[in-house]
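In what follows, chains carry the letters A, B, and so on, assigned in the order in which the sequence lines appear, proteins first and then strands, with residues in each chain numbered from 1.
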Number of protein chains: 2
Amino acid sequence: MTLDEARALDAADPLAPMRERFALPEGVIYLDGNSLGPLPVGTRAAMTDVVERQWGERLIRSWNEGWIDAPTRIGAKIAALIGAAAHEVIVGDSTSANLFKALVAALRIDPGRGVVLSETGNFPTDLHVAEGAVACVPGASLRAVPRGEVAAAIGADVAVLMLTHVHYKTAERWDMAALTAAAHAAGAVVVWDLSHSGGAVEIDLSGAGADLAVGCTYKYLNGGPGAPAYLYAAERWQERLSSPLSGWMGHAEPFAFADAYAPAPGMKRWLAGTPPMLAMAALEAGVDLWAEVDRAAVWRKSAALWDIMAAAGAAAGLPCVTPADPAARGSHISFRVPHAFELTQALIARGVIGDFRAPDVLRLGLTPLYLSHEDVWRAGELLREIIADETWRDPRYAERLAVT
Amino acid sequence: MTLDEARALDAADPLAPMRERFALPEGVIYLDGNSLGPLPVGTRAAMTDVVERQWGERLIRSWNEGWIDAPTRIGAKIAALIGAAAHEVIVGDSTSANLFKALVAALRIDPGRGVVLSETGNFPTDLHVAEGAVACVPGASLRAVPRGEVAAAIGADVAVLMLTHVHYKTAERWDMAALTAAAHAAGAVVVWDLSHSGGAVEIDLSGAGADLAVGCTYKYLNGGPGAPAYLYAAERWQERLSSPLSGWMGHAEPFAFADAYAPAPGMKRWLAGTPPMLAMAALEAGVDLWAEVDRAAVWRKSAALWDIMAAAGAAAGLPCVTPADPAARGSHISFRVPHAFELTQALIARGVIGDFRAPDVLRLGLTPLYLSHEDVWRAGELLREIIADETWRDPRYAERLAVT
């Protein structure tokens with residue numbers, strides 16, 4: 001592809017106006033929105049309002065003026081992005097905490113099954129949290145097998161299949177409907193981690209017959225660093241499962257101040273402590289941007305951006321570890337390369353921010369809301385130039401660079 | 001006390017200049033800082049910096065420019081307020097989540113003991129979370145007894161004594177050193193909930209020989225609505241206990257992306273997910289204010305404000321449920337009164353914001369950083385006036401008021 005061809009794609013891009021809704025720094029091509037989404041322009045006003053008016057002026061009264069319903073209100077907005085019903089998603093705590101809740105609850109469904117099945121090399125917090133969760137349920141254990149062996153390992157002892165929909169490193173995407181059906185056929189439930197797929201690819205939890213899911217909001221949903229995560233429970237499970245983190249905000253009547261815990265109906269039972277309202281306000285502003293876009297156009301553009309970067313990587317001779325089939329991947333691309341750390345630093349030094357994932361992966365996020373085809377083309381050209389210049393392979397390269 | 005006498009106390013108050021550090025609305029006397037502390041003026045700039053520069057400009061690079069250490073950095077600042085060593089406190093998650101971690105970890109110390117002992121009428125989330133925690137440890141159970149029977153109930157089956165240092169409703173304060181010693185003598189550990197005492201009264205966790213503690217930061221620490229909570233573990237326990245919420249941020253090497261969980265040394269093992277940096281920035285600004293004040297002056301002024309309001313309540317004939325001995329209470333005062341809800345609404349309608357706690361308590365927070373003696377005197381006068389006016393006892397009163 002030539003620069004003119006990339007520009008022609010931008011001229012025809014229905015998402016091009018969205019670029020102005022983000023406050024990206026000058027001189028930077030940001031290919032790390034899959035790790036931390038950038039600041040939406042509208043978030044500035046949202047933060048001023050929550051700090052100055054809601055907290056500063058209205059004080060405690062704000063709990064009755066929109067705060068107390070924020071977890072379900074924002075959850076409903078996220079539901080629209082992941083193919084869930086509005087009343088099936090709630091926002092709060094971290095992805096790790098929500099995963100813990102979902103796993104412990106799912107492990108308690110059938111005491112005759114105790115295995116959490118997952119893949120080796122899953123995102124670390126998934127496997128770490130699963131270790132913690134199985135230690136909380138008698139007879140439970142974690143079994144991680146290589147990706148290619150997962151489907152065959154869904155045996156009669158498996159209580160929960162825990163998969164990350166899009167792999168954080170390779171961008172490989174599981175077939176959600178197929179794996180969910182396979183798990184159900186074997187009598188297991190599935191907990192999907194949508195952290196790298198929510199806002200990155202089309203998701204249809206309802207259509208897949210999904211049980212439980214969790215996801216991160218500070219990547220493709222642009223909710224801010226460490227923004228509250230979400231949890232999904234299919235309606236059919238909502239009254240059958242309870243959270244092990246049974247805090248007062250998940251009580252049926254939190255302000256009755258009763259001694260005995262009684263879970264709230266619906267999704268509110270998954271709340272634990274007081275919602276973090278400053279973080280929630282930023283998250284809502286990020287999520288609201290999604291209401292303005294044609295999501296089908298986002299997925300199409302993601303594939304187009306991917307093709308541009310894949311071509312650049314191929315031209316540079318870098319092995320791509322992300323599947324070529326758009327239906328089998330997320331919205332980032334990863335190359336396996338020696339000296340990947342130094343390569344990442346070299347790109348950053350020249351204004352292209354991607355990231356390194358140990359031990360040998362260069363990972364580049366392709367986020368259609370604020371990246372142009374030209375951005376990705378320029379980043380690809382830079383990648384080719386650096387690869388052509390052997391100095392980046394020098395292990396002292398990173399030390400010599402002033403990382404900007 | 002007369003208005004002139006209250007003003008004389010203000011004229012001699014070394015904390016009086018602190019009032020200007022808070023952005024309180026005009027025409028409001030805010031006696032609910034024990035529920036949600038008001039906005040510190042300095043928080044505005046902190047939020048602008050974290051949103052515009054740290055997130056907007058520096059993006060992902062901010063993780064290496066202060067974000068990743070925020071949980072321990074802010075923890076160290078809070079440690080100074082609660083009599084802990086700097087390396088014994090970490091910030092993250094909610095009070096409920098931290099309490100869950102602390103309880104499960106403490107229940108695992110000695111499999112021969114399984115009882116979490118607490119008091120009936122404790123703050124609901126403490127009892128609710130304890131229910132969730134004991135369900136995660138085989139053989140564990142929750143036993144709640146009336147306050148007066150707690151000390152005698154610390155038997156050989158008790159693993160954990162879980163107490164809220166200052167009671168959320170009555171402001172009664174436990175003798176931390178005495179109860180900790182009694183628990184230790186019986187072979188139990190203590191988990192203290194400092195939510196209503198941190199920043200409200202002098203706390204000496206080290207001096208009391210405390211084991212574990214959790215606390216809330218959006219009350220007396222003015223960290224913002226739903227701000228991240230803190231967790232304390234005495235140094236002697238740090239390498240012996242692990243968090244059941246074993247997320248990646250608590251891993252010894254989070255960016256090695258290993259499959260197996262290995263807890264970080266020190267307090268970082270209590271982290272789970274990614275720290276919520278917008279909320280953390282607000283919290284740090286609130287906590288930083290405490291570095292500027294003479295804490296002994298805060299505790300003295302708390303007692304003086306209490307005396308003013310207690311006298312007003314007595315003059316109005318309201319039974320006070322808070323202990324008269326300053327060493328036996330927190331920094332709020334509560335009156336038991338029929339129609340307490342209507343009384344609270346009547347006060348709010350006239351600019352004095354306190355709160356109602358079911359079924360019959362009017363609760364007023366006395367927070368020395370931003371309340372003057374005159375503020376509390378005026379609120380007391382208003383209380384007397386309303387009590388003298390019988391209309392507030394009309395159950396329809398609240399409906400007729402436009403709550404401002």
Side-chain angles (χ1 to χ4, degrees), chain A residues 23 25 30 32 35-36 38-39 43-44 47 51 55-57 59-60 62 67 93-97 100 120-121 124-125 127-129 131-132 135-136 138 144 218 224-229 244-248 251 255-259 261 272-279 282 353 355 357-358, chain B residues 23 25 30 32 35-36 38-39 43-44 47 51 55-57 59-60 62 67 93-97 100 120-121 124-125 127-129 131-132 135-136 138 144 218 224-229 244-248 251 255-259 261 272-279 282 353 355 357-358:
Chain A
Y30 191 62
D32 216 359
S35 182
L36 171 63
L39 171 66
T43 303
R44 292 169 168 156
M47 293 311 291
V51 171
W55 177 14
E57 283 290 323
L59 286 159
I60 197 75
S62 285
W67 285 359
D93 296 317
S94 64
T95 306
S96 296
F100 178 87
T120 52
T125 216
L127 295 175
H128 300 344
V129 167
E131 278 192 52
C136 288
Y218 54 77
L245 279 175
S246 43
W248 74 311
H251 194 279
F255 295 97
F257 297 98
D259 278 4
Y261 180 71
T274 304
M277 289 312 308
L278 304 188
I353 300 180
D355 63 24
R357 282 296 175 260
Chain B
Y30 191 61
D32 218 357
S35 183
L36 172 63
L39 171 65
T43 303
R44 293 167 166 155
M47 293 311 291
V51 171
W55 178 15
E57 283 289 323
L59 287 159
I60 198 76
S62 285
W67 284 0
D93 296 316
S94 64
T95 306
S96 297
F100 179 87
T120 52
T125 218
L127 296 174
H128 300 344
V129 167
E131 277 193 53
C136 288
Y218 54 77
L245 280 174
S246 43
W248 73 312
H251 194 280
F255 294 97
F257 297 97
D259 278 4
Y261 180 71
T274 304
M277 288 313 308
L278 305 187
I353 300 180
D355 64 24
R357 282 296 173 261

Less than 4.5 Å apart, side chain to side chain, heavy atoms only: is that true for Asp32(B) and Leu59(A)?
no
Could you tell me if the side chain of Leu39(A) sits less than 4.5 Å from the side chain of Arg44(A), heavy atoms only?
yes
Can you tell me which portion of Ala272(A) sits under 4.5 Å from chain B's heavy atoms? Options are side chain, backbone, both or neither.
both
Chain B heavy atoms under 4.5 Å from Thr95(A): which part of the residue, side chain, backbone, both or neither?
neither
Considering all heavy atoms of both residues, which atom of Gly247(A) and which atom of Ser96(B) are nearest to each other, and what is their separation?
CA-OG, 4.1 Å
With chain A, which of Ser62(B), Gly121(B), Ala282(B) has the greatest number of heavy-atom pairs at distances under 4.5 Å?
Gly121(B)
State the OH-CD1 distance between Tyr218(B) and Ile60(A), to the nearest 0.5 angstrom.
8.5 Å
Side chain, backbone, both or neither: which part of Thr43(A) has a non-hydrogen atom closer than 4.5 Å to chain B?
side chain
Nearest heavy-atom contact between Pro244(A) and Phe100(A) is CG-CE2, 3.8 Å
Quick one: what part of Ser94(A) sits under 4.5 Å from any heavy atom of chain B, side chain, backbone, both or neither?
side chain
Under 4.5 Å, counting heavy-atom pairs only, tell me which of Gly273(A), Ser246(A), Ala97(A) racks up the most with chain B.
Ser246(A)
For Tyr261(A) and Glu131(B) the tightest heavy-atom approach is N-OE2, 2.8 Å
Option in Leu278(A), Asp259(A), Thr274(A) with maximal non-hydrogen atom pairs under 4.5 Å from chain B:
Asp259(A)
Using heavy-atom distances under 4.5 Å, tell me whether Ala135(A) contacts chain B through its side chain, its backbone, both, or neither.
both
What residue in Gly226(B), Pro124(B), Pro225(B), Gly132(B) has the most heavy-atom pairs under 4.5 Å with chain A?
Pro225(B)
Heavy-atom pairs under 4.5 Å with chain B: which of Ala258(A), Pro276(A), Cys136(A) has the most?
Cys136(A)
Side chains of Pro275(B) and Pro228(B) in contact at under 4.5 Å (non-hydrogen atoms)
no
According to the interplanar angle, ranging from 0 to 90°, do the rings of His251(B) and His128(A) count as parallel (below 30°), tilted (30 to 60°) or perpendicular (above 60°)?
parallel
Name the option with the most non-hydrogen atom pairs under 4.5 Å to chain A; the candidates are Ala279(B), Gly224(B), Ala358(B), Ala256(B).
Gly224(B)
